[in-house]
Structures are given as structure tokens and as C-alpha cells.
Amino acid sequence: MKLWGVAMVRNESDIIEAFVRHNLTLLDGLAIVDHRSADDTMKILTTLAREGLPLMVLANDAVAYAQKEIMTSALRHVLARTPADFVFPLDADEFIKAPSRAHMERVLAAMPAGAHGLMHWPTYVPDFDLPWRGIVACAKSARRVVEERHEHGKVIVARRFASTPRALLAGGNHAVMPWFGATPADLDPHHLFALEDLALAHLPHRSAQQFVVKIVINRLARIAVGRDLQPNRARLHAYERICAGLPVDAQFIRAMTINFGITPDKWIDPDDARLVDDPFLADVVLRYTPAEQTPPLPLVLTAVEQLAQREAAARASAPASAPASTPAAA
Amino acid sequence: MRVRGAIGVRNGADVIEAAVRHNLAAMDGVVVLAHGATDATPAILDALVAEGLPVTVVRDDDPAPEPTALAARLLREGFADGTADWVIVLDAADFLRPASRQAVLRAMTGADVAVPVAIPCATYVPDFALPGTDASSDPPAPLAAARRLAVEPHPATRLAASRSFAGREAEALATRRAPVAASVLAVARVPVRSREQLVADCTVGRLAALAAGRPEPDGSWVDAVYREARAGRPLPPAFVDAAAVNAGAARAQWVDPATVARVDDPFLAPVALSHTPPRAPFPLAQVLALGERLARSEAVRAQAQLLHGADAGAALARPATGQGPPR
């Protein structure tokens with residue numbers, strides 16, 4: 001059985017090496033699409049590839065965050081160029097969790113014919129009060145939320161996806177959609193694995209700096225593709241909090257993490273959440289990960305520069321128009 | 001004689017109220033052109049209008065108007081209500097010195113109405129190492145504590161033009177100007193009030209100019225500050241001080257700030273602020289506000305491309321390296 005992963009990443013220099021090394025303990029290869037990273041993500045990936053790791057490093061230059069289209073394209077790229085029986089669509093903050101490769105193959109082989117797989121997606125909460133000592137220390141400090149309240153799993157795509165050209169990944173890699181615009185009733189069967197058999201550990205937030213970068217750059221990229229966050233999304237509230245200059249402290253990030261994927265009206269007090277030790281990270285040794293995290297402003301400036309260059313190019317190719325002005329008061 | 005100020009401002013929430021109140025002590029009214037503001041500037045201006053002050057606000061969405069066009073526009077807006085005999089063009093952090101009508105009248109009376117006037121600038125620099133001036137927690141503090149450069153390393157002036165230039169604003173910009181003695185009337189300019197304001201102004205300014213298709217030249221003052229911020233460097237007080245002393249000058253022209261003496265020469269009229277936010281400008285928020293605007297513009301273009309049949313999945317991943325496993 002051949003198992004591959006595919007991921008789309010942006011500004012993940014703090015975690016990308018751990019992501020690659022960990023997931024390659026269970027997978028035969030990874031295809032990673034870098035989406036305009038402004039930090040060392042791409043450099044780390046190319047260095048890892050030069051080490052001889054089974055990596056396919058791709059790049060996407062679009063300003064907008066067309067996640068499902070890019071991931072679907074990358075997924076088909078992998079299915080066309082590798083003998084993968086199953087492909088795991090991943091994010092850089094996700095770590096496959098299984099007792100062993102052999103166990104993973106057994107449960108995948110036992111899946112019903114015609115189905116895609118679906119993994120539980122447990123959230124891990126690091127100790128945000130600790131100073132940043134690198135991703136390994138952060139991941140080792142993380143504990144799993146026991147009662148996961150979001151309703152999402154993460155899909156494992158079977159090879160037959162290659163013979164269904166209209167199919168695409170749903171946003172967030174939560175399912176395979178048989179065609180664009182399909183409703184939940186139209187979906188092919190998805191086989192849910194038991195948490196202890198095969199799951200995807202999710203470490204969405206690592207530190208205040210990483211949190212701010214993730215929230216604000218993701219929102220800009222979403223706006224650019226016409227898929228802005230819905231008003232009830234916690235991430236939008238976080239964005240507004242960041243813009244208002246309010247503190248993004250350990251308490252706030254902890255609350256955001258424990259309530260990941262939950263609309264603010266249904267949040268629980270983080271102190272009421274039960275956490276359990278359930279380590280997920282393989283023994284990995286990092287060689288290229290920078291000790292310090294990149295601060296938000298330079299990364300945001302780079303992202304906005306890209307938008308500004310696009311704007312300038314569009315203006316240059318459009319007929320001139322007079323600026324509008326509005327007398328407001330006299 | 002009626003004299004009106006014409007002030008251009010983008011994001012000036014930390015200073016615009018003080019500037020308007022101060023300058024109204026010397027002029028009959030001001031018109032403020034708020035262009036592309038993403039901070040509290042428009043709300044502050046609305047509040048000043050609501051107070052009944054002789055303030056006219058004109059709004060423009062363009063965050064990076066071309067400088068010459070902006071100056072001409074400010075003159076035009078200054079003359080627009082037909083009341084002004086003279087219009088003085090000012091930046092948001094410009095303060096007439098002294099703040100008195102007599103001084104302004106003295107400068108303008110007897111001046112040749114056919115010749116624009118150049119009012120000299122005096123650069124003021126706060127002490128950025130002092131707590132309370134950098135944070136802008138009390139907005140007038142950086143202004144009140146600022147000291148004048150004894151000698152201007154990069155002399156600048158502000159334009160005043162008589163009503164004879166109404167309708168011929170571009171000519172006023174191109175005509176040789178008659179200087180006013182600094183002892184009669186000057187403009188105290190405080191281009192840098194805090195590290196945060198410096199970073200916010202230069203990052204938004206450079207990005208907005210880039211989007212407008214007029215990128216800042218490499219090594220310009222704005223570019224020099226932008227590069228520091230983009231590199232993630234912390235901008236220590238010494239750098240902020242150097243940027244303030246050399247405001248507007250290309251990096252290659254900067255003088256060592258230690259060589260420029262400072263003198264106590266207070267300029268600020270006694271103004272009571274009612275609408276200025278207590279917090280310092282927040283660069284990340286201002287950059288994001290501009291980014292949101294550019295992203296929405298990008299979304300409109302992306303939608304138009306889709307409507308014209310472009311395949312959203314076509315321009316996707318391209319190989320970045322030749323590395324890959326054997327099949």
C-alpha cells in the first residue's frame with residue numbers, strides 16, 4: 001500500500017520541518033504547495049527535499065486563498081504522478097496519529113469499498129504561558145481536548161478519486177465532494193476511523209505571534225478570493241481584536257484554541273474543558289527550523305505588497321478614471 | 001483679509017485635532033482633505049465640524065494622491081467657498097508659528113498677490129527615549145515636549161497663494177515664491193511623533209503609493225523606514241530620532257542627528273483636545289485596513305475573471321523544485 005500526503009502551506013517556518021519529518025514516519029511521500037510564504041518556509045522545504053526526503057515541492061503564486069481548488073489540483077497531481085493508494089490532504093499544523101504504519105495500513109485496507117476515509121481531528125492545546133522554545137517543546141506541552149465539539153473530520157482520499165474528474169475536495173479538506181456545489185446528501189460514503197486507530201492531531205495555535213500571523217493573513221487572502229469570514233466566526237472576532245490593538249495573550253489564545261471551529265455564541269469557558277495527555281509527535285530532530293518566530297508586521301507587509309502590486313498592474317491596464325470626492329460638511 | 005488653511009491628511013488621528021485647533025487661532029477657517037484614512041481621522045474631523053468650528057471636510061478614497069495634484073487640489077478646495085483672500089497649504093502635523101492672526105496678517109499684508117509665498121518650516125523633534133512621548137498616551141505630549149532643530153538640515157517651506165490664483169492652482173505651484181522671514185511667520189512641523197506613527201505612516205504610504213503605480217524610489221525617506229519595518233527590525237529610539245531630524249530626505253542625505261542642536265522653542269497654542277484617541281497609532285491595523293481594501297479590489301477582479309470564463313483551477317500549482325520521488 002502506498003500512502004501520500006498533500007498540503008498547502010503559507011508562512012509556516014516554525015512548524016513545517018516538524019510537519020514533514022513527523023508525517024513522513026507514516027507516509028511514503030508528501031506533496032507540498034507553498035502559497036506565497038514570506039518567511040523561511042520554502043527554503044526549509046527545498047533543503048528537506050535536497051536531503052533526499054520524498055517531497056514534491058510546488059508553488060502557487062495566486063494572491064487569493066483558493067484552498068479547495070489548489071488542494072484539488074495538487075491532489076490530482078499526486079495521483080497522476082505517484083502510485084498512491086490513498087492521499088491525506090493536510091495542513092501544516094496537522095500530524096497523523098496512528099499506532100504504527102502497519103496498523104494504519106490494516107485499517108485503511110478494511111475500509112468499505114467505494115468509500116473515502118475520514119479521521120477524527122482532535123485539537124491540541126499547548127501551554128501558552130511557556131516562553132517559545134521551539135515547535136517540539138510546544139507540541140510536547142500540548143494536551144488533547146477530550147470532548148471535541150466541532151463537527152469536522154479530515155478526509156483521506158482513495159485512489160478512485162482520479163477516475164472521478166468532477167470530484168473536488170471540500171474547503172478545509174473535510175470531505176470529497178462529487179461535484180462543485182454538491183450538498184451533503186450527494187456525498188459519497190466516508191468511513192470514519194476510530195480515534196485510536198487513525199486520527200489527525202491538530203495544533204492550530206502555537207504562540208501569540210503565530211496566531212496573529214495566521215489570523216490576519218488568512219483573512220486578507222480570503223477577502224481577495226471573495227470568501228471572507230462569516231460575521232459569526234471566532235476568527236473574525238480575533239481579527240477585529242488584533243486590529244483594535246487589544247492584547248492577544250495566553251488566555252485569549254487558549255480560549256480560541258479550546259473553542260476552535262465553534263461560533264462565539266457557543267463557546268465554553270476554557271477552564272471547563274477537559275484536557276488529556278495524549279502525545280502525538282514522533283521523535284523528530286529538527287535541523288533547519290529557526291529558533292525565533294517571524295513577527296507579524298513584516299509578513300503582513302509582504303502580503304499587502306503583493307496585493308498592492310496586483311492593484312498597480314490592474315490600474316495600469318485599465319482606462320484612467322477621475323477620483324471621486326464627497327464634501328462631508330461645511 | 002481672510003486667510004484659510006488647506007490641510008491634507010491620511011491617517012492623522014494622533015495629531016489632526018491639535019493641528020486644527022491650533023491653526024484656527026491664526027486663520028479664519030480650514031478645509032481638510034481626508035484622503036484614504038483608515039484610522040479615526042474622519043470621525044475626529046466630523047466631531048470638530050459638529051462643534052461648530054469653521055472646518056470644512058472633503059473626503060477622497062485615494063490613499064496616495066500624486067503630491068503635485070494633491071497640492072493643487074488643496075489650493076482649489078481652499079478657494080472653493082469664495083471667502084479666502086489667501087490660502088495656506090499645510091500637512092496634518094503643521095502648526096503655524098506663532099499661532100496668531102496678527103502674525104499671519106503681517107506676513108500677507110503688503111505681499112504681492114501675484115506671487116505665491118513660501119513660509120519656512122521649522123522641524124520639531126520629540127525626545128523618543130522619554131516614556132510618554134513615544135507611546136502617545138497623552139497626545140499633546142510629543143508636541144509639547146518637542147524641541148526645534150537649531151539649524152534645518154533639509155529646509156522645507158509651505159505654500160501660501162492669494163485669491164488671484166483661484167482657478168489657476170497649478171500655476172501657483174510652478175511660480176517662484178516670495179519667502180517670508182521665519183521671524184514673522186513659520187510652520188512648526190512635527191513629522192514624527194512616535195515610533196508607531198512613523199512606522200504606520202511610512203508603511204501605509206509606501207504600500208498605497210505602490211498600489212497607485214507610483215512606487216517610492218529606493219532610498220527615499222519613506223522607503224528607508226519601510227525597509228526597517230519589513231525586515232522586522234525594532235526601530236530603536238536612535239533610528240526614530242534620525243528619521244525625525246532628516247524627515248523627508250533620502251537616506252543618502254541623512255545627517256548624523258547628534259550633530260544637530262535642539263533648542264527649546266515652544267510652538268503649541270493652548271488647545272484642549274476632546275476627540276483624539278488616547279492610544280498611539282497601531283501600524284499593523286493601518287496596514288491591514290489598506291490590505292483589506294486592496295484585497296476587496298482583487299476579489300472584484302477575480303470575480304470578473306470567473307464571469308469571463310477563466311478556470312479557477314487552471315492557474316494552480318507549478319513545480320518549484322525538480323525534486324520528487326520515482327514513480
Side-chain angles (χ1 to χ4, degrees), chain A residues 28-29 33-34 42 46 49-50 54-64 66 69-70 72-74 77 81-83 212 216 219-221 223-226 242-245 294-298 300-305 307-312 314-316 323-330, chain B residues 33-34 42 45-46 49-50 55-62 65 73 81 199 203 207-215 226 229-232 279-280 282-285 287-292 294-303 312-321 323-325 327:
Chain A
D28 297 299
V33 184
D34 180 74
M42 188 53 127
T46 51
R50 276 201 296 272
L55 281 181
M56 205 183 283
V57 182
L58 306 164
N60 179 268
D61 293 335
V63 171
E69 291 86 353
I70 293 170
T72 299
S73 172
H77 188 86
R81 287 165 180 78
T82 76
V212 170
V216 301
R219 175 148 193 251
L220 288 183
I223 293 172
V225 78
I242 292 164
C243 287
T294 312
L297 185 60
V300 171
L301 289 174
T302 304
V304 178
E305 254 181 49
L307 289 164
Q309 284 161 348
R310 301 266 304 170
E311 177 80 8
R315 285 191 190 197
S325 67
T326 312
Chain B
L33 174 60
L45 292 171
D46 288 346
V49 170
V55 177
T56 301
V57 181
V58 179
R59 290 189 183 152
D60 190 319
D61 285 341
D62 187 354
R73 171 95 185 269
D81 71 355
V199 172
T203 51
L207 291 167
L210 180 63
R214 292 187 305 276
Y226 182 88
R230 192 175 183 279
R279 293 176 43 242
F282 187 32
L284 183 63
V287 171
L288 285 171
L290 176 65
E292 280 180 42
L294 294 171
R296 289 187 206 291
S297 182
E298 174 73 16
V300 170
R301 287 192 294 274
Q303 185 63 29
L316 297 178
R318 62 173 171 79
T321 73
Q323 177 64 38
R327 293 191 58 166

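Chain identifiers are assigned alphabetically (A, B, ...) following the order of the sequence lines, protein sequences preceding nucleic acid strands; residue numbering begins at 1 within each chain.
Considering every non-hydrogen atom in both A/L220 and B/E292, the closest pair reads CD2-N, 3.5 Å.
Between chain B and the residues A/R219, A/Q309, A/E305, the most heavy-atom pairs under 4.5 angstrom are made by A/E305. Counting heavy-atom pairs closer than 4.5 Å to chain B, the top residue among A/P296, A/G245, A/G226 is A/G245. Annotation: maximal heavy-atom pairing with chain B below 4.5 Å, among A/I242, A/T302, A/L297, A/I223, occurs at A/I223. No other option in B/G213, B/S297, B/A208, B/P283 has as many heavy-atom pairs under 4.5 Å with chain A as B/S297. Chain A forms the most heavy-atom pairs under 4.5 Å with one residue out of B/L294, B/L284, B/L288, B/V287, and that residue is B/L288.
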Between A/L301 and B/L207, does a side-chain contact (heavy atoms from CB on, under 4.5 Å) hold up when you go through it step by step? CA-CA 8 Å; A/L301 289 174; B/L207 291 167; 3.8 Å; yes
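A heavy-atom distance below 4.5 Å is not found between the side chains of B/L45 and B/V49. The side-chain heavy atoms of A/M42 and A/V57, taken from C-beta on, include a pair separated by under 4.5 Å.
In this structure, the side chain to side chain contact (heavy atoms under 4.5 Å, CB included) partners of B/A285, at least two apart in sequence or on a different chain, are A/C243, B/F282.
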